[in-house]
Trainee: 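Below you will find the structure I want to go over with you.
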Amino acid sequence: MPLGRASSEFKIETEGLNVWFGEKHVVKNFNIGIRRNCITAIMGPSGCGKTTLLRAFNRMNEIIEGSRTSGSVYLDGEDINSPKTDVVELRRRVGMVFQKPNPFPKSIYDNVAFGPRIHGVRDKRKLDEIVRFSLEEAALWDEVKDRLHESALGLSGGQQQRLCIARALAVAPEVILMDEPCSALDPISTSKIEELMRRLKRNYTVVLVTHNMQQAARVADYTAFMYLGELIEYGETSRIFERPEKELTERYITGRFG
């Protein structure tokens, strides 16, 4: 039985999750419960399966040729790997922000309005409300409100990443997946994104992939340590960093890894 299925504590749960790309077994028998309205960090060395795990939460691995998944991923108790799942609706509910900012070559306004338009919103007043709300949620409104119809490509890297977060928020998701969202940013922009993550968890469940241990320690409520596709240890961030139970976790955190 998956972790905590009977309670509302977990937004996402996995049971025996496996992911392969061809013959390569990337995520191995993974069992985890992602708590609602918390930031959960997934950390581990490069190539350990962090991003693949993240993409399993909204079935993004399916777009990669040769991928195969077994086991279950539950969103509010419903298995997203069921053939009955509406994948478009799933990806609305579980949005994703990628490692490098990827704004569309459109205006700031049209970037944020893109998703709602795809989902059938045509009313200008409603779109205006969504754009403003999403940019405010992403802590970007005050910086761009006078240039909404200028190209998004003219924004700084940190602003572009917050725009991508606003674009994800515009379709009213419940979960936000972040795949190393600060890896291409300077320290000031990184600090703004981290502050934003803390604000977002009031209304969303945030799952963060990072191999920046300091970032995990700063922002995450819970942290999972992955190695070679397996979950080594998972718990409250303070315990993982201060009192790890597994020797492999301690070696990774103290830099004695490898």
Side-chain angles (χ1 to χ4, degrees), residues 1-36 38-64 66-83 85 87 90-91 93-99 174-180 205-211 213 216 220-237 239-241 244-253 257:
M1 183 174 179
L3 300 166
R5 285 293 302 287
S7 79
S8 61
E9 181 181 1
F10 299 108
K11 183 68 177 176
I12 296 174
E13 303 161 73
T14 71
E15 183 182 50
L17 177 65
N18 292 274
V19 183
W20 293 265
F21 295 118
E23 297 300 312
K24 188 174 182 183
H25 196 177
V26 181
V27 173
K28 304 172 183 175
N29 195 35
F30 214 94
N31 299 287
I32 195 169
I34 304 293
R35 287 168 172 81
R36 298 172 182 276
C38 290
I39 301 172
T40 299
I42 314 289
M43 69 175 187
S46 295
C48 72
K50 301 185 299 294
T51 293
T52 298
L53 175 67
L54 197 71
R55 292 166 69 99
F57 294 158
N58 68 352
R59 289 179 51 173
M60 286 285 287
N61 290 317
E62 292 180 5
I63 67 176
I64 301 173
S67 73
R68 180 165 57 91
T69 298
S70 71
S72 299
V73 178
Y74 296 92
L75 178 64
D76 289 335
E78 299 291 327
D79 190 355
I80 70 168
N81 291 330
S82 163
T85 298
V87 178
L90 169 66
R91 291 175 187 159
R93 295 177 65 193
V94 184
M96 192 157 188
V97 176
F98 297 93
Q99 186 171 0
E174 300 160 31
V175 179
I176 304 169
L177 309 176
M178 295 189 166
D179 186 7
E180 298 192 49
T205 299
V206 179
V207 188
L208 168 70
V209 158
T210 181
H211 49 223
M213 286 185 286
D221 301 293
Y222 293 87
T223 295
F225 171 56
M226 281 184 78
Y227 183 62
L228 297 179
E230 297 181 352
L231 176 62
I232 305 301
E233 191 163 354
Y234 177 49
E236 292 187 4
T237 297
R239 185 194 66 72
I240 293 290
F241 279 92
E245 295 173 356
K246 302 296 174 83
E247 182 185 354
L248 197 60
T249 312
E250 183 175 16
R251 284 171 49 205
Y252 183 74
I253 288 169
F257 195 79

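Numbers for residues simply follow the sequence, beginning at 1.
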Trainee: Are the side chains of Phe57 and Met96 in contact, using a 4.5 Å heavy-atom criterion?
Mentor: no

Trainee: Roughly how far, to the nearest 0.5 Å, is CD1 of Ile34 from OG1 of Thr14?
Mentor: 7.5 Å

Trainee: By side chain to side chain contact (heavy atoms under 4.5 Å, CB included), which residues pair with Val26, not counting sequence neighbours?
Mentor: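 By the side chain to side chain contact (heavy atoms under 4.5 Å, CB included) rule, Val26 matches Phe21, Lys24, Thr52.
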
Trainee: Once side chain to side chain contact (heavy atoms under 4.5 Å, CB included) is applied, do any residues pair with Ser46, and if so which ones, sequence neighbours excluded?
Mentor: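 Listed in chain order: His211.
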
Trainee: Roughly how far, to the nearest 0.5 Å, is CG of Leu228 from CG of Leu248?
Mentor: 8.5 Å

Trainee: Less than 4.5 Å apart, any side-chain heavy atom of Lys11 and any of Leu75?
Mentor: yes

Trainee: Without swapping roles, check the side chain of Thr210 against the backbone of Ala216 for a donor-acceptor pair under 3.5 Å.
Mentor: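 A pair under 3.5 Å: no.
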
Trainee: Check salt bridge (Lys or Arg N to Asp or Glu O under 4.0 Å) between Glu245 and all other residues, then give those that pass, not counting sequence neighbours.
Mentor: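 Partners of Glu245 by the salt bridge (Lys or Arg N to Asp or Glu O under 4.0 Å) criterion, ordered by chain and then number, come out as Arg239.
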
Trainee: By side chain to side chain contact (heavy atoms under 4.5 Å, CB included), which residues pair with Glu250, not counting sequence neighbours?
Mentor: Pro244, Thr254, Arg256

Trainee: With rounding to the nearest 0.5 angstrom, report the CG to CD1 distance, Leu208 to Ile176.
Mentor: 11.5 Å

Trainee: Where the side chain of Glu233 meets the backbone of Thr249, is there a donor-acceptor pair that is under 3.5 Å apart?
Mentor: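 Judged by distance alone, no pair lies under 3.5 Å.
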
Trainee: Where do Met60 and Asn58 come nearest, in terms of heavy atoms and distance?
Mentor: CG-OD1, 2.8 Å

Trainee: Can you see which heavy atom on Val73 is nearest to which on Leu17, and at what distance?
Mentor: CG2-CD1, 3.8 Å

Trainee: Which pairs count as salt bridge (Lys or Arg N to Asp or Glu O under 4.0 Å) when at least one residue sits in residues 42-58, sequence neighbours excluded?
Mentor: none

Trainee: Determine whether Glu230 and Lys28 satisfy the following criterion, salt bridge (Lys or Arg N to Asp or Glu O under 4.0 Å), listing intermediate values before the conclusion.
Mentor: CA-CA 5 Å; Glu230 297 181 352; Lys28 304 172 183 175; 5.1 Å; no

Trainee: Residues two or more places apart in sequence or in another chain: which of them pass side chain to side chain donor-acceptor pair (under 3.5 Å) with Asp79?
Mentor: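 Side chain to side chain donor-acceptor pair (under 3.5 Å) check on Asp79 returns Ser72.
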
Trainee: Indicate yes or no for a side-chain donor-acceptor contact from Thr205 to the backbone of Val175 under 3.5 Å, with no hydrogens or angles considered.
Mentor: no

Trainee: Starting at CG of Leu90, measure out to CG of Asn81 and round the result to the nearest 0.5 Å.
Mentor: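 If we round to the nearest 0.5 Å, Leu90:CG and Asn81:CG are 9.0 Å apart.
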
Trainee: Which residue is it: Val209, Thr51, Leu231, Thr223? I am looking for the one with a side-chain contact (heavy atoms from CB on, under 4.5 Å) to Ile42.
Mentor: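 One option only clears the test, and that one is Val209.
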
Trainee: Going by the rule side chain to side chain donor-acceptor pair (under 3.5 Å), which residues pair with Ser67 if we only count those two or more places apart in sequence or in a different chain?
Mentor: none

Trainee: Heavy-atom distance under 4.5 Å between the side chains of Glu15 and Asn31, does that happen here?
Mentor: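 SC-SC contact between Glu15 and Asn31 confirmed.
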
Trainee: Look at the side chain of Asn18 and the backbone N and O of Gly16, then say whether any donor-acceptor pair between them is shorter than 3.5 Å.
Mentor: yes

Trainee: Kindly write out the residues that satisfy side chain to side chain contact (heavy atoms under 4.5 Å, CB included) with Arg35, not counting sequence neighbours, or none if the list is empty.
Mentor: Glu9, Phe10, Cys38, Tyr222, Tyr234

Trainee: With sequence neighbours left out, what residues match Thr69 under side chain to side chain donor-acceptor pair (under 3.5 Å)?
Mentor: none

Trainee: Who passes ring-ring contact (aromatic ring centres under 6.0 Å, His included) against Tyr252, sequence neighbours left out?
Mentor: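 Tyr252 satisfies ring-ring contact (aromatic ring centres under 6.0 Å, His included) with Phe225, Phe257 only.
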
Trainee: At their closest point, which heavy atom of Ile32 faces which heavy atom of Ala224, and how far apart are they?
Mentor: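 So the minimum-distance heavy-atom pair works out to CD1-CB, 3.9 Å.
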
Trainee: Shortest non-hydrogen contact from Ala56 to Val19?
Mentor: CB-CG2, 4.5 Å

Trainee: Under the side chain to side chain donor-acceptor pair (under 3.5 Å) rule, collect the residues that match up with Gln99, sequence neighbours excluded.
Mentor: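 Only Ser183 meet the side chain to side chain donor-acceptor pair (under 3.5 Å) criterion with Gln99.
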
Trainee: What I'd like to find out is whether the side chain of Met178 reaches to under 4.5 Å of the side chain of Ile39, using heavy atoms alone.
Mentor: no

Trainee: Closest approach of Tyr227 and Ile232, non-hydrogen atoms and distance?
Mentor: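 Taking Tyr227 first and Ile232 second, the nearest heavy atoms are CB-CG1, 3.7 Å.
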
Trainee: Taking salt bridge (Lys or Arg N to Asp or Glu O under 4.0 Å) as the definition, give me every residue that meets it alongside Glu62, ordered by chain and number, with sequence neighbours left out.
Mentor: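 By the salt bridge (Lys or Arg N to Asp or Glu O under 4.0 Å) rule, Glu62 matches Arg59.
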
Trainee: Rounded at 0.5 Å granularity, tell me how far CD in Glu180 sits from CE in Met43.
Mentor: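 Glu180 CD to Met43 CE: 13.0 Å, rounded to 0.5 Å.
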
